[in-house]
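Since the structure comes first, as structure tokens, the remarks are kept for the end.
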Amino acid sequence: MTAKIIDGKQIAADMRAELKQEVAGLKKQGIVPGLGVILVGDDPASQSYVTAKERDCEEIGIYSDDNRLPDSISRKELMALVEKMNDDPKINGILVQLPLPRGFDESEVLFAINPAKDVDGFHPVNVGRMVIGEKAFLPCTPHGVVKLLIRSGVTIEGANVVVVGRSNLVGKPLANMLVQKKPNANATVTICHTRTKDLAAHTKRADIIVAAAGRPNTVTAEMVKEGAVVIDVGVNRLEDATKKKGYRLVGDVDFEAVKEKASLITPVPGGVGPMTRTMLLYNTIESAKIAAGLEIE
Ligand code: GUN
């Protein structure tokens, strides 16, 4: 079988077009969703992520308050900025770009964000609410994975899902979302990680494999059942002298070989990545609706 490629770029663009319409409707009611962005330091990857997020906001009509700070900023100044955004009614979502430069306590900063503005879904209040199945801001990458599956027509209910990777950003929250007793969940989920004995024995039984290990070639063709759905969350830079930047991006899956066995597969880039950014916009709009007292689904 040769897999159909899931076009994350297109699915994300479709979602953004829907969100843009929704924002236009909210504006007629005097509601403008706002995102506060904090980037500390000059990490080039973080700078380009943040620039892309701000471009997304502009494209769909979300107000964004852009704060780029030198890594010489003090802990006190950073905490004061978070507090200011917590109190600013124009801001519905606060994004502190990770990783923070060395010397900053990420947990301290993330836990200072008002959970009602925690559009990354990293605050323990939102994590806890998610786990017990209450309404919560869901972290953008795993939420994007679920949306990709749904919009690609994949049946999650009853599926054997193997998540490879147990990070707080992707593996753990994704497994939690998929196991909920809710529509578009109800999966049987196995989380595998670096200490898993015989990873292939697990992945070979999976109807859906999600690779989020942060290592190229974690999932190879022999590890995949014929017809499985394969979602690649990995973003790895491999040195490549033929490229202008000197590197190319690859995922965690051996794409060329696995696509001959899977029924559906996401590419890297152009799979999960564009969905992550889109889910941030989605959460910011949800937050604005809640703040305005509107019903949300
Ligand atoms: N750095 C890499 N991914 C993310 C993300 O989803 N949110 C934030 N805040 N920082 C990140």
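Counting starts at 1 for both ligands and their atoms, following the listed order.
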Exercise. Taking all non-hydrogen atoms of both residues into account, name the closest pair between Pro33 and Val23 and its distance.
Key: CD-CG1, 4.3 Å
Exercise. Would you kindly say whether Thr196 and Arg166 are connected by a side-chain donor-acceptor distance under 3.5 Å?
Key: no
Exercise. Check each protein residue for a heavy atom under 4.0 Å from ligand 1 and list those that pass, ordered by chain and number.
Key: Leu95, Val96, Gln97, Leu98, Asp120, Phe122
Exercise. Hey, can you tell me if His123 and Phe111 have their rings parallel, tilted or perpendicular (30° and 60° cut-offs)?
Key: tilted
Quiz item: So, the side chain of Ser287 versus the backbone of Asn283: is there a donor-acceptor pair under 3.5 Å, distance only?
Solution: no
Quiz prompt | Closest non-hydrogen atom pair between Val146 and Asn184, with its separation | solution = CG1-O, 4.3 Å
Self-check item: salt bridge (charged side-chain N to carboxylate O under 4.0 Å, His left out) assessment of Asp207 paired with Lys225
Solution: CA-CA 7 Å; Asp207 304 309; Lys225 180 174 80 173; 2.6 Å; yes
